Amino acid sequence: MLDLKFIRQFPDLVKQGARKKRIACDVDLILKLDEEARARGTELDRLRAEQNTLGGQVAKAPAAEKKALLERLAAIKTSHNALDAAQREQEAELHKLLLRVPNVPADAVPEGKDDSENVVIEHWGEPRKFEFAAKDHVALAEAQGWLDIERAARLSGSRNYLLKGDLSLLESAVMRFAMDLMVGRGFVPLSVPTLVRTEIMVGTGYFPGGEEQAYRCDERDDLCLVGTAEVPVTALHMDEILRLEELPIRYVAQSSCYRREAGAAGKDTRGLYRVHQFQKVEQVVIDVADAARSIEHHQAILKNSKDLLEALELPYRVVNVCGGDLGAPQIQKFDIETWMPSRNGYGETHSASRFHDYQARRLNLRYRDEQGKVRLCHTLNNTVAASARILIALLENHQNADGTLRLPKALSVYMGGRTQLGRAL
RNA sequence: GGAGUGGUGGCAGAGUGGCCGAAUGCGCUAGAUUGCUAAUCUGGUGUCUCCUGAAUUUGGGGACCGCGGGUUCGAAUCCCGCCCACUCCGCCA
């Protein structure tokens, strides 16, 4: 959410930002409603002030005057109530609109309509040339008895899967490696709820807009399954005023993630690329409202993930996500795409977002600065490792000609010192 | 799931219809005192918002005592719903 004062002050910036993101947003309507609401609010305050003054006199007023006083108060109340009802309605409408105003993208965000116009800014590693017929992750994993998509579908429908044997262990190994890497860098490990209230989905910016993407409990419980640990972790300190000494807060959390993938029918149907449930280690940074520092954090959390991929010996590239592919909440986003031989291309495995105070305003997440002034925090997050997709990359990039899987040294430790998984096929 | 108790400022804790944005204590902070520390004394010490002003530090209003409604001229205080915590019983990985 943007500050109404900011929108008032720089309406054109907001409009341009929305245009760059290809998100419809009626700034003028918002400004009109805001102006009306403020005018009415002033009048309401005035009425209330009068009511307060007169009300205080009622008890001590002589009986003769009391009646007149009460009549006057009744009149005030009537006009106040009418005005108040209108005000509430309009404020609700304004708030609804406000929740959908997209954050203004950074200048460094490239112009572009969709992901095809994201700008590659960095490469690491060389995609491997196979001197044998390389298998895709499904063929390889099934041949090794590591994957059962058919039975999983019986349990849970399409886009579900079941890991077995060493691949199941490998998933845990990657997650644990990711956690250890981050803890080694000072991030505080967290185990968090993956079921959150709707309010939390709104606070982190997923709702309104992302409802179709989230699993929601029925009306008995106002709870949603999160699509990422970013949600509970970023919201952890909502409604708090943090002390300057506690900042920056750096958290890392592993969680199950759930996505409905509505609207993705027919897209990435084979294998583990687009699935309803996966494990993910996520990093979140909460700090002071300082644009330069936010940029530093953004680079730092990006670096963490690049380091992880390098330790896993997986070629990747970094893209600067263009306006049209950016979500409403983000100021800027860098995606890391990891080489996946079966796609003969790079597939998104990480997403590093910078929000400024967009989430913090919705969450009422604040801190007290040096001057003692209360201000909204800045928040950022990035994937450290997302299980299903990182497994695709590991399986496909590190397969041997005989169908076994080479383990990078970083993971070997987590797999009992083994350097290779599977049997020769 | 059933029964009960309770949710007040950074914390502890008063307040059961107007004198309460809220006593008191602790903490924090500025100053005084002190050779230093401690102790003591004095002042200050919530958030949001509107109007006004050159000004986030002018002046004046409004709102907030878990959240949302209601009763009343007037609600922290009474009523209803919800959320949360705790205790007992039941069930359970």
Side-chain angles (χ1 to χ4, degrees), chain A residues 1-10 30-96 98-99 191-203 216-224 232 235-247 249 256 288-291 357 360-377:
Chain A
M1 194 156 71
L2 293 178
D3 188 359
L4 241 177
K5 285 183 199 144
F6 176 83
I7 301 176
R8 226 180 273 153
Q9 212 174 342
F10 307 106
I30 288 170
L31 291 177
K32 182 180 144 263
L33 291 178
D34 168 47
E35 205 178 318
E36 285 172 17
R38 271 183 302 138
R40 201 191 283 110
T42 304
E43 176 62 9
L44 274 166
D45 282 354
R46 198 190 59 72
L47 286 171
R48 179 50 65 97
E50 195 179 351
Q51 202 174 354
N52 286 343
T53 329
L54 296 181
Q57 297 170 8
V58 170
K60 348 186 198 1
E65 289 166 32
K66 213 169 228 170
K67 188 154 173 287
L69 213 45
L70 289 181
E71 272 167 18
R72 172 80 189 115
L73 274 165
I76 293 172
K77 193 180 180 182
T78 306
S79 42
H80 180 274
N81 284 167
L83 217 51
D84 189 48
Q87 184 75 335
R88 283 191 204 205
E89 201 178 312
Q90 185 156 337
E91 273 175 351
E93 192 193 344
L94 183 58
H95 186 69
K96 248 170 90 181
L98 220 42
L99 282 176
S191 300
V192 293
T194 48
L195 224 33
V196 300
R197 293 207 167 93
T198 301
E199 165 200 353
I200 305 303
M201 297 299 283
V202 174
R216 223 200 267 250
C217 290
D218 64 31
E219 58 286 343
R220 288 175 303 172
D221 302 288
D222 173 36
L223 294 169
C224 300
L236 183 59
H237 295 286
M238 72 183 281
D239 287 325
E240 292 184 30
I241 299 176
L242 301 166
R243 287 175 293 115
L244 202 53
E245 311 87 79
E246 324 181 55
L247 298 172
I249 289 175
S256 293
V288 297
D290 181 301
D357 59 11
R361 181 167 293 103
R362 290 167 169 249
L363 289 166
N364 198 221
L365 168 57
R366 300 173 297 171
Y367 70 99
R368 203 179 293 280
D369 72 9
E370 296 89 337
Q371 281 80 41
K373 190 171 152 54
V374 176
R375 310 184 62 180
L376 292 163
C377 294

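So that the names make sense, note that chain A is the first sequence line, chain B the second, and so on, each numbered from 1. Computed over heavy atoms, backbone and side chain alike; hydrogens, waters and symmetry mates excluded. What you are looking at is a predicted structure, and each value in this text was computed from that prediction instead of being measured.
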Quick note, V58(A) side chain, CB onward, closest among U47(B), G18(B), A63(B) is G18(B)

- What is the nucleic acid contact for N52(A), judged by heavy atoms within less than 4.0 Å: base, sugar-phosphate only, or nothing? sugar-phosphate

inquiry  = Please evaluate residues M201(A) and R216(A) with respect to the criterion side chain to side chain contact (heavy atoms under 4.5 Å, CB included), reporting the C-alpha separation (whole Å), side-chain torsions for both, the decisive distance (0.1 Å), and the verdict.
reply    = CA-CA 11 Å; M201(A) 297 299 283; R216(A) 223 200 267 250; over 6 Å; no

Under a 3.5 Å limit on both distances, the Watson-Crick or wobble mate of A54(B) is none

Whole-Å distance, E91(A) CD to G62(B) C1', equals 12 Å

>> Quick one: does any side-chain atom of Q51(A) pair with a main-chain N or O of K77(A) as donor and acceptor, under 3.5 Å?
In response: no

Open item on the list: What's the gap between A76(B) and G13(B) when it is taken at their P atoms, as a whole Å value?
Closed with: 22 Å

Nearest-nucleotide check on RNA chain B, V374(A) vs D45(A); residue mapping nearer the 5' end is V374(A)

message = Using side-chain heavy atoms (C-beta onward) and a distance below 4.5 Å, is I30(A) in contact with L4(A)?
response = yes

Re G9(B): Watson-Crick or G-U wobble partner, both distances kept under 3.5 Å, found to be none

Item checked: Check: R366(A) side chain, V374(A) main-chain N or O, donor-acceptor pair, under 3.5 Å -> no

So R46(A), base contact, sugar-phosphate only, or nothing? Heavy-atom distance under 4.0 Å. nothing

